[in-house]
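All remarks here apply to the structure that follows.
Note: hydrogens, waters and symmetry copies are ignored here, and every other heavy atom, side chains too, is used. Residue numbers begin at 1 in each chain, while the letters A, B, ... track the order of the sequences.
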2 protein chains.
Amino acid sequence: MRIGELAAQAGVSRDTVRFYERIGLLEGRRQANGYRDFPPETVTWLHYVRTAQTLGFTLAEIAQHGAQLRDAPDGAEALSALLRDKIRIIDERMAELASLRADLDARVGTGCPLRG
Amino acid sequence: MRIGELAAQAGVSRDTVRFYERIGLLEGRRQANGYRDFPPETVTWLHYVRTAQTLGFTLAEIAQHGAQLRDAPDGAEALSALLRDKIRIIDERMAELASLRADLDARVGTGCPLRG
DNA sequence: GTAGACAGTGGAGTACTGTCCAAGGTCAAG
DNA sequence: CTTGACCTTGGACAGTACTCCACTGTCTAC
């Protein structure tokens, strides 16, 4: 898959793909003519990148996830472990939001919410 | 309250306070000697700023919240409205996280989660 | 009246995450 | 064999949110 198709399928720009390759978030194989060539699962990897970004990881951290995956003896289990870790973070984030929500809820309608 | 005390109570650096004043996130009253002088509720405002940042607002947007508050005929009601809006956003964010969690949950333990 | 903590300014620098551009190479179709 | 879509590179630029620095002024306590 060339860069244009990957970009379209993953919903990012070509420049973003090149940028991601530069910072090590994407592996760079090449065709004989110099064009980048990506395997289909790169699309899924980019979706994972967006997910992790949503959870507040920096691209550098996400690149490390990728490196861990490549080094793991069992790739599938390693990724499952990463995902379980993301789920834990989601649960934490939801708990934070719930407490923030309760806090805001308590302030709404009080005489002066800013001072509460 | 001078800048040092505000910074300590709000958990930000003095430079951050000065930066926030520069971009209009904070009002700048001055003592006779030129020192900044903040009312106590600025601490609460800074906490609000952190909350809004957590929810993904940029500082420019948050500064607009502040401007809206100042312009509102009923300050307390205006802030309550802002808070209700934040609660709505929190609810949306939690729904997103829940669906993300379900998605990840489904992938964990499958043969190859990345390709799913 | 001096030391030390605190305050002021302007401006430079940083990290992160892209985004754009110019100049040029590749390839399929007509 | 030219056109147009697609690809390459390097490097400049942008927006966000700080962070640091040098130099200077103010105030309190000894």
Side-chain angles (χ1 to χ4, degrees), chain A residues 1-40 42-43 45-67 86 89 93 96 100, chain B residues 1-40 42-43 45-67 86 89 93 96 100:
Chain A
M1 184 188 295
R2 287 180 306 181
I3 193 171
E5 194 186 343
L6 174 63
Q9 286 196 24
V12 303
S13 72
R14 287 154 220 251
D15 271 330
T16 297
V17 172
R18 296 194 187 102
F19 172 66
Y20 283 0
E21 191 195 89
R22 204 154 65 233
I23 65 174
L25 205 54
L26 249 30
E27 286 281 276
R29 278 180 296 177
R30 299 303 178 113
Q31 294 173 348
N33 57 11
Y35 288 10
R36 287 173 184 80
D37 188 21
F38 299 99
T42 307
V43 177
W45 170 245
L46 284 181
H47 287 317
Y48 171 84
V49 171
R50 282 283 170 263
T51 299
Q53 267 191 307
T54 299
L55 295 175
F57 289 95
T58 65
L59 295 181
E61 287 166 333
I62 299 168
Q64 296 229 324
H65 296 169
K86 296 290 159 300
I89 289 164
R93 191 79 27 107
E96 283 167 24
L100 187 56
Chain B
M1 184 188 299
R2 287 179 307 179
I3 193 172
E5 194 185 344
L6 174 62
Q9 286 196 24
V12 302
S13 72
R14 288 153 217 248
D15 271 329
T16 297
V17 172
R18 296 195 188 101
F19 171 67
Y20 281 1
E21 191 196 89
R22 204 154 64 233
I23 65 173
L25 206 52
L26 249 30
E27 286 282 275
R29 278 180 296 176
R30 298 301 177 112
Q31 294 173 347
N33 58 13
Y35 288 9
R36 287 172 184 80
D37 189 20
F38 298 99
T42 307
V43 176
W45 171 244
L46 284 181
H47 286 318
Y48 171 85
V49 170
R50 281 284 170 264
T51 299
Q53 269 191 305
T54 299
L55 295 176
F57 289 95
T58 65
L59 295 182
E61 288 166 332
I62 300 168
Q64 295 227 325
H65 297 169
K86 296 290 158 300
I89 290 164
R93 194 83 80 230
E96 283 168 24
L100 187 56

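- Remark: B:R30 is in phosphate contact with C:dT9, judged by side-chain N or O atoms under 4.0 Å from OP1 or OP2.
- Atom CD in A:E61 sits roughly 14 Å away from atom C1' in C:dT17 (whole-Å rounding).
- Taking the charged nitrogens against the carboxylate oxygens, B:E21 and B:R30 do have a contact shorter than 4.0 Å, which makes a salt bridge.
- Atom-to-atom, CZ of B:F57 to P of D:dA17 comes out at 12 Å; the value is rounded to the nearest Å.
- In this structure, the side chains of B:V49 and B:L59 come closer than 4.5 Å at one or more pairs of heavy atoms.
- Nearest-nucleotide positions on DNA chain D for B:Y20 and A:R18 put A:R18 closer to the 5' end.
- Closest contact between the side chain of B:D15 and the listed nucleotides D:dA17, D:dC20, C:dT17 involves D:dC20.
- Side-chain contact check for A:L46 versus A:Q9: every heavy-atom pair is 4.5 Å or farther apart.
- B:Y48 does not carry B:K86 over the face of its six-membered ring by the limits of under 6.0 Å from the centre and within 45° of the normal.
- Rounding to whole angstrom units, CD of residue A:E21 and C1' of D:dT8 are separated by 11 Å.
- For B:L59, the listed nucleotide lying nearest its side chain is D:dC18; candidates were D:dC18, D:dT9, C:dG18.
- Contact check for B:E5 versus B:R2: no side-chain heavy atoms found under the 4.5 Å cut-off.
- Shortest non-hydrogen contact noted between A:F38 and A:E27 is CE2-O, 3.7 Å.
- Spacing between atom CD of A:Q31 and atom C1' of C:dT26 amounts to 11 Å, rounded to whole angstrom units.
- Using modelled atom types, one side-chain atom of A:E61 and one backbone atom of A:T58 make a donor-acceptor pair closer than 3.5 Å.
- Dashed line: the shortest gap from a side-chain N or O of B:R36 to OP1 or OP2 of C:dG8 is under 4.0 Å.
- Rounded to a whole Å, the CG atom of B:L25 is 13 Å from the C1' atom of D:dC18.
- Distance, B:R50 CZ to D:dT16 C1': 13 Å, rounded to whole Å.
- Counting any heavy atom pair closer than 4.0 Å across all strands shown, A:I23 reaches no nucleic acid atom.
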Which pairs, protein N/O on one side and nucleotides 23-25 of chain D N/O on the other, fall under 3.5 Å?
unit_1: D:dG25; atom_1: N2; unit_2: B:Y35; atom_2: OH; d: 2.9

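- Of the side-chain N and O atoms in A:T16, one or more sit less than 4.0 angstrom from OP1 or OP2 of C:dT19.
- Proximity of A:Q53 to the phosphate of C:dG18: a side-chain N or O atom is located under 4.0 Å from OP1 or OP2.
- A:L26 is not listed as a side-chain neighbour of A:R36, based on a closest heavy-atom distance of 4.5 Å or more.
- Between A:L46 atom CG and C:dT17 atom C1' the separation is 15 Å, expressed in whole Å.
- For the pair B:R2 and C:dC6, the criterion of a side-chain N or O lying under 4.0 Å from OP1 or OP2 is not met.
- Mapping A:A32 and A:R22 onto DNA chain C via the closest heavy atom, the residue that lands nearer the 5' end is A:R22.
- Residue B:N33 places no side-chain N or O under 4.0 Å from the OP1 or OP2 atom of C:dG8.
- A straight line from CD of B:E5 to P of C:dA5 spans 18 Å, rounded to a whole angstrom.
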